[in-house]
Number of protein chains: 4
Amino acid sequence: MTDSHSFFLEGYIIDNTKRERILQSAISVFSEQGLEKTKVADIVKQAGIAQGTFYLYFHSKYALIPSIAEKLLDDILNIMDERVAAEQPFDKKIDAIVDATFDITAEYKDVLALCYSGLSLSGALQEWEKIYEPYYRWMDHLLEDAVEKQEIRPGIRIRITSKMLIGVMEESAEQVYLFDEQYNDSTEYREELKLFIVQGLK
Amino acid sequence: MTDSHSFFLEGYIIDNTKRERILQSAISVFSEQGLEKTKVADIVKQAGIAQGTFYLYFHSKYALIPSIAEKLLDDILNIMDERVAAEQPFDKKIDAIVDATFDITAEYKDVLALCYSGLSLSGALQEWEKIYEPYYRWMDHLLEDAVEKQEIRPGIRIRITSKMLIGVMEESAEQVYLFDEQYNDSTEYREELKLFIVQGLK
Amino acid sequence: MTDSHSFFLEGYIIDNTKRERILQSAISVFSEQGLEKTKVADIVKQAGIAQGTFYLYFHSKYALIPSIAEKLLDDILNIMDERVAAEQPFDKKIDAIVDATFDITAEYKDVLALCYSGLSLSGALQEWEKIYEPYYRWMDHLLEDAVEKQEIRPGIRIRITSKMLIGVMEESAEQVYLFDEQYNDSTEYREELKLFIVQGLK
Amino acid sequence: MTDSHSFFLEGYIIDNTKRERILQSAISVFSEQGLEKTKVADIVKQAGIAQGTFYLYFHSKYALIPSIAEKLLDDILNIMDERVAAEQPFDKKIDAIVDATFDITAEYKDVLALCYSGLSLSGALQEWEKIYEPYYRWMDHLLEDAVEKQEIRPGIRIRITSKMLIGVMEESAEQVYLFDEQYNDSTEYREELKLFIVQGLK
DNA sequence: TATGAATGAGCCTTCATTCAT
DNA sequence: CATGAATGAAGGCTCATTCAT
């Protein structure tokens with residue numbers, strides 16, 4: 001017994017699957033019902049676990065938000081890396097980034113919204129900045145590269161511009177997918193935005 | 001009872017003072033405590049009225065939001081009109097608008113935040129668009145005028161650009177005043193943004 | 001309407017009946033089920049009020065205890081005053097007090113027990129002393145009077161003895177009514193105690 | 001598995017150490033936090049064992065109390081035996097017993113309190129009497145001896161008096177160490193009590 | 001219109017206990 | 001014997017809304 005036990009102890013792993021299941025379930029339920037209206041009971045039901053088990057992994061309902069936000073940002077960065085080839089000229093890159101942002105926003109709009117409101121509810125807006133940091137850095141590199149290649153104006157303040165770009169793009173995509181009732185003009189919006197950005201950085 | 005009631009009906013005047021007091025109180029309490037944490041009890045206490053009286057003027061806690069939003073937008077438009085002289089060249093106007101946006105955001109940041117989250121909670125994001133309509137229109141005029149005077153590029157899609165501009169400006173100001181812990185770089189942020197916009201519309 | 005309203009307003013009284021009903025109900029339910037096992041739901045059900053109403057009068061379940069304790073002590077003092085005539089010789093007074101203590105303990109044993117454990121749970125044992133103060137004072141007077149009449153030894157420390165007397169009497173009565181399974185020897189216990197006290201103070 | 005088990009069975013020894021560790025831990029945690037607020041989790045953490053292991057030794061949280069009470073009484077009796085020499089005159093013995101009671105109460109006050117409330121919660125107050133039985137008997141002997149030596153009055157009811165004495169002493173000590181905020185008058189209290197007892201038994 | 005006491009549904013969290021390993 | 005993750009029942013408290021006066 002001791003032997004076989006210690007055998008299992010060697011391979012003993014804290015059940016990350018369960019944590020993942022909770023997270024997935026939370027994203028789905030939050031997206032449907034919103035943050036406040038969601039009961040922990042709903043999350044655990046969908047996750048197929050007991051009420052109490054939830055609190056082994058997250059100490060409260062709101063403690064889910066940062067984890068969800070990190071997951072989200074991870075996805076964003078992966079998609080960006082996939083879609084934006086390093087050898088393209090700057091304006092092609094902007095095209096790709098804007099399109100990616102719109103597509104991501106369309107798909108993740110509920111999660112995005114819940115991250116915003118979730119973090120503002122918990123009062124931890126700086127938390128959000130910390131989570132976004134890798135994305136800012138990614139954009140920094142892209143801009144630095146463009147400055148080097150003289151594709152955009154030289155004196156530009158990198159970090160501020162990174163934030164500004166990410167801001168406009170997300171704002172615009174939200175305009176289209178969250179606020180407007182009709183989605184039809186997404187193409188025009190994208191075009192106008194791409195032009196505006198490329199022009200604005202010259 | 002009916003008599004005295006009808007008596008008052010003769011001189012019936014909607015008690016704007018009381019409605020106004022509720023609104024003011026709501027803004028102040030919401031700003032401090034956030035939307036969800038604010039109890040109707042808090043609002044009425046500060047307004048100096050009874051719990052039940054609240055429901056004579058607003059049918060629910062969330063019904064306050066649109067009214068608050070309208071009030072906010074009204075203030076914004078007034079400030080813009082004050083600060084942006086019609087005879088200036090376009091880039092001076094942008095300077096003024098950007099500065100105004102930052103200043104307004106600094107002052108109204110809590111109210112802005114609560115309007116966003118409030119309207120998203122009530123699911124009525126289109127409501128928000130309706131309220132912003134006058135602001136969009138105001139910006140439309142400004143852009144049309146600039147196109148006419150050949151201060152910006154001709155083919156520009158007016159409404160999309162209006163939304164985009166308002167979006168970047170508010171986004172950026174929120175970056176500075178809500179997300180960043182240090183406010184010191186507001187000037188640099190403003191400069192970079194002004195340049196970006198003027199350039200982006202050329 | 002206004003008239004009739006102001007008429008009622010004149011006679012407007014905060015519903016002390018309801019507070020009393022809650023207290024009565026709490027005593028009865030606590031006595032049956034004990035402090036911890038009692039649900040607020042039980043109390044309000046027996047009181048015939050809504051769950052929320054409870055919290056208009058007491059801010060938590062445990063906030064009931066001091067009020068109950070005060071009520072109890074009030075009863076004790078009234079009974080003592082009733083039963084102990086001022087003109088009796090000291091040993092007759094002790095007889096009366098001992099008997100009263102035993103009778104009261106028999107009747108109120110559950111309430112007594114809940115007050116002890118309730119106040120110790122809330123950590124406010126000094127609170128209990130404050131509530132008992134009038135009883136101590138009552139006993140002080142009795143002893144001072146006896147000293148004056150040379151019925152007990154002169155150098156006695158009044159307050160300490162008051163506490164000691166009340167202590168033994170309550171302890172003994174609890175022995176009989178709470179700890180022992182058979183109540184038959186109550187008489188013998190009383191006799192022994194009376195003798196012990198009278199002798200002890202000589 | 002079975003093999004290794006039977007292997008251990010050969011040298012099978014009930015792990016008194018672990019049971020003891022649980023008991024020690026329980027006493028310490030109960031004393032700090034009280035009975036209800038103490039979680040089994042707290043006990044096992046301090047005992048350095050797993051949650052489930054607890055239930056191998058005690059079938060519930062409350063099952064700890066009698067064991068703790070027994071331990072306590074054992075200590076009390078040992079101290080009494082140590083301090084009270086058989087050859088002393090009765091009043092010297094009372095002096096020693098009163099002092100011992102006060103000292104024990106000062107040291108064990110939390111444990112005492114938890115035994116009282118613990119046994120009353122479990123409804124098993126008679127249990128407490130059973131545990132106290134050896135103490136009562138010890139006192140019986142002392143009184144019988146004193147009667148024989150004509151140090152106290154002859155007709156005294158032994159058992160009742162034993163209970164009464166133990167009661168007053170513990171009550172008084174608790175008064176001083178649990179209820180009063182200032183401990184300074186312990187000496188006076190002790191003196192008064194000694195006199196009262198010696199006198200009361202004459 | 002105004003009041004504010006009363007309502008009661010609703011939900012988060014705790015924690016004693018179990019059981020598969 | 002030992003483990004500790006998992007369970008899920010249970011309950012205190014909140015607060016938006018109502019309604020009798």
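In what follows, every chain begins at residue 1, and chains take the letters A, B, ... in the order their sequences are listed.
Atom CZ in A:R19 sits roughly 16 Å away from atom C1' in F:dA5 (whole-Å rounding). Rounded to whole angstrom, the span from the CG atom of C:L64 across to the P atom of F:dC13 amounts to 10 Å. Summarising the geometry, the separation between CD1 on D:I43 and P on E:dA16 is reported as 8 Å, rounded to the nearest angstrom. Regarding A:Y62, its OH atom lies at a distance of 10 Å from the C1' atom of E:dC12, rounded to whole Å. Rounding to whole angstrom units, CG of residue C:L56 and C1' of F:dC15 are separated by 11 Å. The distance from atom CD of D:Q33 to atom C1' of E:dA16 is 15 Å, rounded to the nearest whole Å. The distance from atom CZ of D:F54 to atom C1' of E:dT17 is 11 Å, rounded to the nearest whole Å. When rounded to the nearest whole Å, the span between OH of B:Y55 and C1' of E:dA6 equals 14 Å.
Contact check for C:V111 versus C:K71: no side-chain heavy atoms found under the 4.5 Å cut-off. Proximity of A:L23 to A:F58: side-chain heavy atoms (C-beta onward) are separated by under 4.5 Å at one or more points. Residues C:F54 and C:L64 meet the side-chain proximity criterion, which asks for heavy atoms closer than 4.5 Å. Residues A:F30 and A:K61 meet the side-chain proximity criterion, which asks for heavy atoms closer than 4.5 Å.
Base pairing of F:dA2: its partner is E:dT21, meeting the Watson-Crick or G-U wobble criterion (both donor-acceptor distances under 3.5 Å). Pair assignment for F:dA10 gives E:dT13, based on Watson-Crick or G-U wobble hydrogen-bonding distances that are each under 3.5 Å.
One donor-acceptor pair, N or O on each side, does fall under 3.5 Å between the base of E:dT17 and the side chain of D:Q51.
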Item to check | Intermediate values then yes/no, side chain to side chain contact (heavy atoms under 4.5 Å, CB included), C:Y55 and C:V40 | outcome: CA-CA 10 Å; C:Y55 291 90; C:V40 173; 3.7 Å; yes

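Across F:dG12, E:dT3, F:dA16, the shortest atom-to-atom separation from the side chain of B:A50 is found for E:dT3. Listed candidates were F:dT3, F:dT17, E:dA16. Nearest to the side chain of D:I49 is F:dT3.
Of the residues near DNA chain E, A:H59 and D:S60, the one whose nearest nucleotide (by heavy atom distance) lies more toward the 5' end is A:H59. Along DNA chain F, the nucleotide nearest to D:G48 and the one nearest to A:G48 differ in position, and the one closer to the 5' end is contacted by D:G48.
Phosphate proximity of F:dT14 to B:K39: absent, as no side-chain N or O sits under 4.0 Å from OP1 or OP2. Distances shorter than 4.0 Å separate some side-chain N or O of A:Y57 from OP1 or OP2 on F:dA6.
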